[in-house]
Amino acid sequence: MLQNIGIPGLILILVIALVIFGPKKLPEIGRAFGTTLKEFKKSTRELVGEDEEKPKEELQRTEKKSTAI
């Protein structure tokens, strides 16, 4: 979806945002968007990391059970 925007489209979006929000609010909005994106990426990495750890933990449990028998 975003691949079709291009440079002219981005410039148009920035001009519209500048007109709507004004020059004083734009840096605040950008900062908030960046923080939100960073937290989203961090949460996604944690979820993916948990999913990768689960099979390893299950494998270790089965290995411990088989050696205990």
Side-chain angles (χ1 to χ4, degrees):
M1 180 177 161
L2 294 176
Q3 296 91 354
N4 299 333
I5 291 178
I7 299 296
L10 288 175
I11 293 172
L12 180 64
I13 291 170
L14 288 174
V15 169
I16 291 171
L18 185 63
V19 169
I20 292 173
F21 297 112
K24 291 184 180 180
K25 282 284 188 184
L26 252 127
E28 294 175 22
I29 293 170
R31 228 176 282 119
F33 181 74
T35 304
T36 303
L37 190 61
K38 184 171 69 172
E39 289 179 14
F40 177 75
K41 286 182 178 181
K42 179 182 172 187
S43 299
T44 304
R45 278 190 220 115
E46 289 175 0
L47 287 174
V48 170
E50 288 175 4
D51 288 344
E52 290 176 355
E53 289 175 7
K54 284 182 182 178
K56 291 177 185 177
E57 291 173 1
E58 291 174 3
L59 181 62
Q60 290 174 351
R61 285 184 196 145
T62 55
E63 287 176 356
K64 287 181 183 178
K65 287 180 183 178
S66 65
T67 57
I69 297 176

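Please read these numbers as outputs of a predicted model, since none were measured by experiment.
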Colleague: Hey, is Lys25 close enough to Glu28 for a salt bridge, meaning N to O under 4.0 Å?
Modeller: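 Glu28 and Lys25: salt-bridged.
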Colleague: Find out whether Thr36 and Phe40 are in side-chain contact, i.e. whether some heavy atom of one side chain is under 4.5 Å from a heavy atom of the other.
Modeller: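 SC-SC contact between Thr36 and Phe40 ruled out.
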Colleague: Is Leu12 reachable from Ile29 through a run of hydrophobic residues whose side-chain heavy atoms are each under 4.5 Å from the next?
Modeller: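 They do share one cluster, since a chain of ILVMFWY contacts under 4.5 Å joins Ile29 to Leu12.
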Colleague: For the residue pair Leu18 and Leu26, what are the closest heavy atoms and their distance?
Modeller: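 Looking at all heavy atoms of both residues, the closest pair is CA-CD1, 3.4 Å.
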Colleague: Which distance, rounded to the nearest 0.5 Å, do you find between the CG of Leu37 and the CZ of Phe33?
Modeller: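 That separation rounds to 5.5 Å.
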